[in-house]
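Take a look at the structure below.
Just so it is clear, the structure is predicted and the values come from calculations on it, not from any experiment. Excluded from the calculations below are hydrogen atoms, water molecules and symmetry mates; all remaining heavy atoms, backbone and side chain alike, are included. Residue numbers start at 1 and run along the sequence shown.
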Amino acid sequence: MAASARSIVETRYEQMFPTLEAVEIDRLRGFGERRTYGGGERLVTTGEPSPGMFVILSGEVTITQHSVLGHDEHIITHGPGAFIGELAQLSGRPSLVDARATKPVEALVIPSPRLRDVMVAEAELGERIMRALILRRVGLLESGIAGPVIIGHAQDGDVLRLAGFLARNGHPHHALDPDIDSCAKTLLDRFHITASQLPIVLCPNGQLLRNPSEGDLARRIGLVEPIDPTKVYDVAIIGAGPAGLAAAVYATSEGLSVIVLDCRAFGGQAGASSRIENYLGFPTGISGMALMARAYNQAQKFGAQIAIPDEVVRLQCQPASAGARFQLRLANDERVSARTVVIASGAKYRRLTVADLAAFEGSSVHYWASPLEAKLCTGQEVALVGAGNSAGQAVVYLAARVAKVWLLVRGPSLDLSMSRYLVDRISALRNVEVRVQTEVAALEGQGGILEAIRWRDIPSGKETRRPIRHLFLFIGAEPNTAWLSASDVALDGKGFVRTGTDVEHAHRPLETSRGGIFAIGDVRAGSIKRVAAAVGEGAQVVATLHAFLADSGDRAVRAVSGRV
């Protein structure tokens, strides 16, 4: 495995590659079937769906990472008692590694649905397996070999778009810049690609994609699959942020069939937080991406079907006699049928009203402060606009990686909108300069690359020009509810979804003006815009879902009183 992942193998080898005892294997036998493989036979192929998790009963299997660059790298050789798999096997997605029998093998093959049963029925053993699956994915993410290869110029907005999409969905990939990487030049020559045709993506199965959309890329590498049009879900959750994922975890653990749809990535705005330090249970803090990845994996563990990226464009109500009261129409013309709907679509980033902003978005203007963006501006001066907690967390994160951060604040003070601990931390950073009562006046640059920013002191009108190539915007968000325009779900004057006592005919907490449709998290009018509050509403709505389904006679519902 590549050097960047060796520290994980060295420090957590026993957790990544545990050997199961005979008694533990016996407990797994009821979840799978025995299969045999001859020496040299392939068990798993990169880019193709795996039959499931393999528990080696006898023989030997070598695991390698396949690279479209023409060289494979050995990861480990498994013997009796070891098991083959990582997070792709939990969800039934295509494999990220190759597995070949180097000696005749007898194995217990546990298909993905039954593997999720193992996690629930065998708590202690399931915990060990789950931890190994997660750590193996971390190793693949850090290896720099697995997954698709993006070839294009580092500052290209489409390169950043594709890399950001894969990174925020926890999918291994790597990017090559033909200006500096000889391998990229070789591949361009091999496929006869000119500079004007960049970026391209080389998939693990050998397919070449020319500047694909996120949806096309996701389907080509197996991140998302067609939805069964005949299936009726107990609940369809729109949005995979903290509220939506919490609802998915609690609903599936309570026995409801769940589908979660999101047009971009799991985590929502919480996933953009470089460090969350005021979330209960994490005294040393945790990155938003790490927290949301845990929730995403937890929802899959309990059996939620997660479709990303799949954008809902319309919500239609149907007669109760139809079996499925609601139908969701997706941007790709697929349909999802459900007995109830939970709207957790969150908010979309607010944009500055400054000329030519769109020309620089994606390449020089950013709405996230992740390692991807930080790498682009290492050692440079950057500007960041915002005064909330997300802005404060981004400032602290960037300050450790750039030469200087100019924090531009429209208000008179950070104290009015930012947590005290962040205000104190920012004031102690020597390479952060805060400019209050300041607004961005103009952006300068060409070819989509920012060259300078002009900002204005609001009281005096005086402008300052700085040669800055990267601008980060954390200026709040607006409700993501435009897609609800034809659904008759009541919104307030700002576009947030009205629920509960705020709606004349709502009979249950978190219910909207349409019975059976609920709203949680940032998209709900009157909600507290905090991760903990969103998670709490995600948990709370499940009891309401059970009550609605019981009253409507759609299914037998187990009592949930007293459950956490």
I'd like to know whether Arg530 forms a side-chain contact (heavy atoms from CB on, under 4.5 Å) with Asn278, so could you lay out the CA-CA distance, the side-chain angles of the two residues, the decisive distance to 0.1 Å, and finally the verdict.
CA-CA 10 Å; Arg530 296 278 185 172; Asn278 57 355; 3.2 Å; yes
Run the salt-bridge test on Asp216 and Arg210 with the 4.0 Å N-O cut-off and return the result as yes or no.
no
All heavy atoms of Ala243 vs all of Ile520, minimum pair found to be O-CD1, 3.4 Å
Is there side-chain contact between Leu473 and Leu357, with at least one heavy-atom pair below 4.5 Å?
yes
Quick one: does Ser390's side chain have a donor or acceptor within less than 3.5 Å of a partner on Phe474's backbone?
no
Under the salt bridge (charged side-chain N to carboxylate O under 4.0 Å, His left out) test, residues paired with Asp158 that sit two or more places apart
Arg161
Applying the salt bridge (Lys or Arg N to Asp or Glu O under 4.0 Å) criterion to Glu381, which one of Arg466, Arg469, Arg401 satisfies it?
Arg466
What are the two closest heavy atoms between Pro309 and Phe165, and how far apart are they?
CD-CZ, 3.7 Å
Keeping the roles fixed (side chain from Thr481, backbone from Gly495), state whether a donor-acceptor pair exists under 3.5 Å.
yes
Check for a donor-acceptor pair, side chain of Thr438 on one end and backbone N or O of Val436 on the other, with a separation under 3.5 Å.
yes
Say whether, by atom type as modelled, one donor and one acceptor occur between the side chain of Glu373 and the main chain of Ser370 under 3.5 angstrom.
yes
Within the structure provided, determine whether Val336 and Asp310 are in side-chain contact (heavy-atom separation under 4.5 Å).
no
Could you tell me whether the side chain of Ile426 reaches within less than 4.5 Å of the side chain of Met418, counting heavy atoms only?
yes
When you measure from the side chain of Ser364 to the backbone of Ile449, do you find a donor-acceptor pair of N or O atoms at a distance under 3.5 Å?
no
Spacing of Leu471 atom CG and Leu443 atom CG [to the nearest 0.5 Å]
6.5 Å
Salt bridge (Lys or Arg N to Asp or Glu O under 4.0 Å) evaluation trace for Arg508 with Asp551
CA-CA 12 Å; Arg508 301 171 181 83; Asp551 291 346; 2.8 Å; yes
Using the side-chain contact (heavy atoms from CB on, under 4.5 Å) rule, take Arg514 and Ser487 through it: C-alpha gap first, then chi angles, then the decisive distance, then the call.
CA-CA 9 Å; Arg514 299 301 299 261; Ser487 66; over 6 Å; no
About how many Å separate CD1 of Ile259 and CD1 of Ile237, when rounded to the nearest 0.5 Å?
10.0 Å
Using a strict cut-off of less than 4.0 Å between a Lys/Arg side-chain nitrogen and an Asp/Glu carboxylate oxygen, indicate whether Lys231 and Glu334 qualify as a salt bridge.
no
Using the side-chain contact (heavy atoms from CB on, under 4.5 Å) rule, pick out the option among Asn211, Leu209, Leu160 that qualifies with Pro199.
Asn211
Mind checking salt bridge (charged side-chain N to carboxylate O under 4.0 Å, His left out) for Glu433 and listing every partner two or more places apart, or none if nothing turns up?
Lys404, Arg435
Would you check if there is a donor-acceptor pair between the side chains of Arg93 and Ser91 at a distance under 3.5 Å?
yes
Is there a donor-acceptor pair under 3.5 Å between the side chain of Ser513 and the backbone N or O of Ala490?
yes
Determine, step by step, whether Tyr279 and Val535 satisfy the side-chain contact (heavy atoms from CB on, under 4.5 Å) criterion, reporting the C-alpha distance in whole Å, the side-chain angles of both residues, the deciding distance to 0.1 Å, and the verdict.
CA-CA 11 Å; Tyr279 188 75; Val535 171; 3.7 Å; yes
Reference residue Ile517; test side-chain contact (heavy atoms from CB on, under 4.5 Å); the match among Leu315, Thr340, Leu510, Asp488
Leu315
Less than 4.5 Å apart, side chain to side chain, heavy atoms only: is that true for Ile221 and Val201?
no
Check: Leu422 and Asn389 side chains under 4.5 Å, non-hydrogen atoms
yes
Hey, what do you get for SG (Cys263) to CG (Leu330), rounding to the nearest 0.5 Å?
11.0 Å
Could you tell me whether a side-chain N or O of Gln327 sits under 3.5 Å from a main-chain N or O of Gln316, the two making a donor and an acceptor?
no
One should read off an interatomic distance between Asp424 CG and Asp415 CG, to the nearest 0.5 angstrom, of 8.5 Å
Is the shortest side-chain heavy-atom distance between Arg116 and Val120 below 4.5 Å?
no
Using 30° and 60° as the class boundaries, would you call the ring planes of His366 and Phe472 parallel, tilted or perpendicular?
tilted
Is Phe266 close to Met289 at the side-chain level, that is, under 4.5 Å between some pair of heavy atoms?
yes
Here the pair of heavy atoms bringing Gly267 nearest to Met292 is CA-CG, 3.4 Å
Kindly give the heavy-atom pair with the smallest separation between Val235 and Ala338, and that separation in Å.
C-CB, 4.4 Å
What do you reckon, is NZ of Lys529 surrounded by more than 12 foreign heavy atoms closer than 6.0 Å?
yes
Test item: Ser112 side-chain N/O and Gln89 main-chain N/O as donor-acceptor pair under 3.5 Å
yes
Within this structure, what is the CG-CD distance for the pair Leu352 and Glu361, rounded to the nearest 0.5 Å?
9.0 Å
Considering only heavy atoms from C-beta outward, does the side chain of Ser527 approach that of Glu537 to under 4.5 Å?
yes
Trace of the side-chain hydrogen bond (donor to acceptor under 3.5 Å, both in side chains) decision for Gln540 with Tyr250:
CA-CA 9 Å; Gln540 180 186 356; Tyr250 285 100; over 6 Å; no
Nearest heavy-atom approach of Gly241 to Asp262 is N-OD2, 4.5 Å
Arg350 atom CZ, neighbour heavy-atom count above 12 within 6.0 Å
yes
Without swapping roles, check the side chain of Asn169 against the backbone of Arg264 for a donor-acceptor pair under 3.5 Å.
yes
Exam field: side chain Glu254 to backbone Ala251, donor-acceptor pair closer than 3.5 Å:
no
Please check if atom CD1 in Ile528 has more than 12 non-hydrogen atoms from other residues, nucleotides or ligands closer than 6.0 Å.
no
Roughly how far, to the nearest 0.5 Å, is the CG atom of Leu484 from the OG1 atom of Thr512?
8.5 Å
Going through the checks in order, is the side-chain contact (heavy atoms from CB on, under 4.5 Å) test met by Gln437 and Arg410?
CA-CA 4 Å; Gln437 294 186 287; Arg410 282 187 58 88; over 6 Å; no
Could you check whether atom CG of Leu280 has more than 12 heavy atoms from other residues, nucleotides or ligands sitting under 6.0 Å from it?
no
In terms of heavy-atom contacts, Ala387 and Val409 come closest through CB-CG1, 3.7 Å
